[in-house]
Participant: 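Below is a structure I'd like to ask you about.
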Number of protein chains: 2
Amino acid sequence: MNMPEVEPISRESTAAIIARQLREAIMTGALQPGDQLGEAELAARFQVSRGPLREAMQRLVSEGLLRSERHRGLFVIELEPGDIYDIYAARAAIERAALIRIIRSDPAGAGARLREVLAEMAGAAGDGDSSAMSRADLRFHEELVALSGSRRLARMASTLLIETRMCLAALQRTDHSPADRVAEHTAIVEAVEAGDEQRALELLEAHMEDAITRLAPGTSLYSAPPQVPDDGVDITG
Amino acid sequence: MNMPEVEPISRESTAAIIARQLREAIMTGALQPGDQLGEAELAARFQVSRGPLREAMQRLVSEGLLRSERHRGLFVIELEPGDIYDIYAARAAIERAALIRIIRSDPAGAGARLREVLAEMAGAAGDGDSSAMSRADLRFHEELVALSGSRRLARMASTLLIETRMCLAALQRTDHSPADRVAEHTAIVEAVEAGDEQRALELLEAHMEDAITRLAPGTSLYSAPPQVPDDGVDITG
DNA sequence: GTTCGTATGATTGTCAACAATCCGCGCGCC
DNA sequence: GGCGCGCGGATTGTTGACAATCATACGAAC
């Protein structure tokens with residue numbers, strides 16, 4: 001028969017669909033940090049009742065994208081200075097692991113896939129389309145962790161990349177030239193294709209270091225966290 | 001006045017409380033891999049209606065602990081051979097980052113805290129209490145990421161440690177001697193206290209490598225993933 | 001003028017009922 | 001006997017209503 005993967009209609013739960021749209025809204029800035037998510041209004045917008053909406057929101061709470069205050073509501077998290085550092089340090093750890101797995105399994109194939117995104121990025125750079133540039137940048141790192149073949153790395157990176165976009169939207173970053181950005185990513189891919197693990201890791205770390213330095217001057221990857229110790233593990237309401 | 005941190009009664013949402021208990025149940029094996037979570041039964045057990053219970057379960061879905069099949073129910077994930085490798089590789093990445101942050105910020109203070117857990121572990125080893133031993137082992141790694149001061153590393157590690165316990169429960173592991181286990185952890189702490197980052201990282205990696213070798217002989221950290229590529233990013237129902 | 005208390009509107013938390021879907025079983029048919 | 005069909009029970013998905021809590025505005029007392 002050879003019917004490839006005919007997954008039936010809507011195998012996705014309603015909560016999953018709404019959750020995805022909420023993430024999208026947070027990433028694009030339609031929902032801004034600190035914003036309260038009014039249940040009635042959102043439910044009306046999604047054309048569902050409050051039940052499924054609340055289920056979807058709970059997903060984002062456990063991902064750390066929303067903060068829950070009992071009897072008060074759910075709010076988009078606000079990124080403090082320490083969070084910038086935290087996000088990039090976590091990303092560095094995840095993507096480093098992804099890179100290692102890629103280089104030790106199928107660096108050639110991965111290189112080819114990454115070059116597609118690179119081409120897209122170069123196109124955006126040429127057009128001076130900074131929005132497309134950001135999208136390509138995001139996709140590059142998504143692809144990187146996806147190519148690692150690790151479900152868990154991919155899931156964790158997914159959340160971190162959303163938070164990265166929040167950072168970029170919140171802070172007025174001092175972009176370097178699009179050409180440099182393309183070059184940085186290209187260098188990583190070249191190292192991957194060459195199978196030069198050491199160099200690829202160094203380039204990735206420098207890439208992250210570079211980003212965090214622009215966003216939060218003074219702090220550095222793996223530096224002492226300026227954030228308050230908080231009282232132990234977070235509760236996530 | 002100096003009234004420190006008087007958080008009012010029950011700042012935690014019901015969903016958060018139930019979610020925590022569900023995680024506990026999965027970790028201890030009260031809920032086994034593949035088990036379906038019947039809503040009616042669980043709701044009755046928790047003395048709540050299905051609403052809050054479903055919200056809690058959605059949290060675990062987004063954490064990857066539960067798998068959702070529409071109109072069929074929610075199931076505890078089943079760990080395939082490739083997952084063992086995946087879990088430990090992810091843990092290695094996270095804990096590596098935590099270790100670096102600790103050593104570059106407050107290695108002495110962290111060392112002291114870790115030694116407390118070490119003492120606990122040694123006590124369990126002396127008593128031959130393998131259950132307490134496992135608990136101390138878990139706590140060691142929890143403490144490690146907590147001491148990093150990174151909310152995100154801590155959250156990600158939390159889920160991974162639950163999955164680790166699931167692995168250990170599922171597979172009949174070939175334990176090495178409790179004394180060796182204590183020694184391995186102690187060596188890491190010593191390297192931390194000495195500020196020897198390189199050595200601490202090597203020891204941690206060896207610790208992970210050792211664990212994965214025992215659980216899934218033949219595979220190795222960062223080796224090629226034997227798991228199917230799946231069709232892209234997971235959906236989490 | 002400030003502060004406390006209260007009333008009121010809005011929002012969240014919870015529940016029980018209804019609709020839709022799935023599973024297992026028996027029946028009829030080939 | 002094997003296969004398709006349909007039915008009944010059980011479970012999940014969704015909804016609207018009710019209870020509890022919070023925020024705000026207003027007024028009284030000091």
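Chain A is the first sequence line, chain B the second, and so forth, proteins listed ahead of strands; every chain is numbered from 1. Below, each value reflects all heavy atoms present in this structure, side chains not excepted, and no hydrogens, waters or symmetry copies.
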Participant: How long is the straight-line distance from CD of Glu55(A) back to OG of Ser13(A), given to the nearest 0.5 Å?
Facilitator: 7.5 Å
Participant: OP1 or OP2 of dT11(D) less than 4.0 angstrom from a side-chain nitrogen or oxygen of Gln36(B), does that happen here?
Facilitator: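 For dT11(D), OP1/OP2 do not have a side-chain N/O of Gln36(B) under 4.0 Å.
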Participant: Measuring from the side chain of Pro52(A) (C-beta onward, heavy atoms only), which nucleotide among dC15(C), dT14(D), dT12(C) has the closest atom?
Facilitator: dT14(D)
Participant: Side-chain N or O of Ser13(B) less than 4.0 angstrom from OP1 or OP2 on dG13(C)?
Facilitator: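 Negative; the distance criterion is not met.
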Participant: When the distance from CD of Glu55(B) to P of dG13(D) is rounded to whole Å, what number comes out?
Facilitator: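 Going from CD in Glu55(B) over to P in dG13(D) covers 14 Å.
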Participant: Roughly, in whole Å, what's the span from CD in Gln47(B) to C1' in dT14(C)?
Facilitator: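 Roughly 14 Å, once rounded to whole Å.
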Participant: What I'd like to find out is whether the side chain of Arg11(A) reaches to under 4.5 Å of the side chain of Arg70(B), using heavy atoms alone.
Facilitator: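 No, every pair of side-chain atoms sits at 4.5 Å or beyond.
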Participant: Would you mind reading off the distance between Gln58(B) atom CD and dT14(D) atom C1', rounded to a whole angstrom?
Facilitator: 13 Å
Participant: Quick one: Leu74(B) CG to dT12(D) C1', roughly how many Å, whole number?
Facilitator: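 Going from Leu74(B) (CG) to dT12(D) (C1'), I get 9 Å.
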Participant: In whole Å, I'd like the distance from the CZ atom of Arg11(B) to the C1' atom of dC22(D).
Facilitator: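 Checked: the CZ to C1' distance equals 19 Å.
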Participant: Go through dG13(D), dT14(D), dT14(C) for me and flag the one nearest to the Glu39(B) side chain.
Facilitator: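 Of all the options, the side chain of Glu39(B) is nearest to dG13(D).
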Participant: Select base, sugar-phosphate, or nothing to describe what Leu37(B) touches, counting heavy atoms under 4.0 Å on all strands.
Facilitator: sugar-phosphate
Participant: Could you give the CE-to-C1' distance, from Met57(B) to dT11(D), as a whole number of Å?
Facilitator: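 Distance, rounded to whole Å: 11 Å.
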Participant: In whole angstroms, how far is the P atom of dT11(C) from the CD atom of Glu41(A)?
Facilitator: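 From Glu41(A) CD to dT11(C) P: 9 Å.
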Participant: If only atom types and distance count, is the side chain of Thr164(A) paired as donor or acceptor with the main-chain N or O of Leu160(A) below 3.5 Å?
Facilitator: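 Present.
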Participant: Does a side-chain heavy-atom distance below 4.5 Å link Arg165(A) with Leu138(A)?
Facilitator: yes
Participant: Parallel, tilted or perpendicular: which one describes the rings of His141(A) and His207(A), with boundaries at 30° and 60°?
Facilitator: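 Parallel: the ring planes of His141(A) and His207(A) meet at under 30°.
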Participant: Within this structure, what is the CG-to-C1' distance between Leu42(B) and dT11(D), rounded to whole angstrom?
Facilitator: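 It works out to 13 Å between those atoms.
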Participant: Walk along nucleotides 17-24 of chain C from 5' to 3' and tag each nucleotide B, S or - by protein heavy-atom contact under 4.0 Å, base first, then sugar-phosphate.
Facilitator: B---SSS-
Participant: Students often get this wrong, so: under 4.0 angstrom with heavy atoms, is Gly51(B) touching a base, only sugar-phosphate, or nothing?
Facilitator: nothing
Participant: What closest approach, in Å, do Leu53(A) and Glu39(A) show between heavy atoms, and which atom pair accounts for it?
Facilitator: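 What the structure gives for the nearest pair is CD2-O, 3.3 Å.
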Participant: Would a distance-only check, ignoring hydrogens and angles, find a side-chain to backbone donor-acceptor pair under 3.5 Å from Asp129(B) to Ala132(B)?
Facilitator: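 Answer holds: yes.
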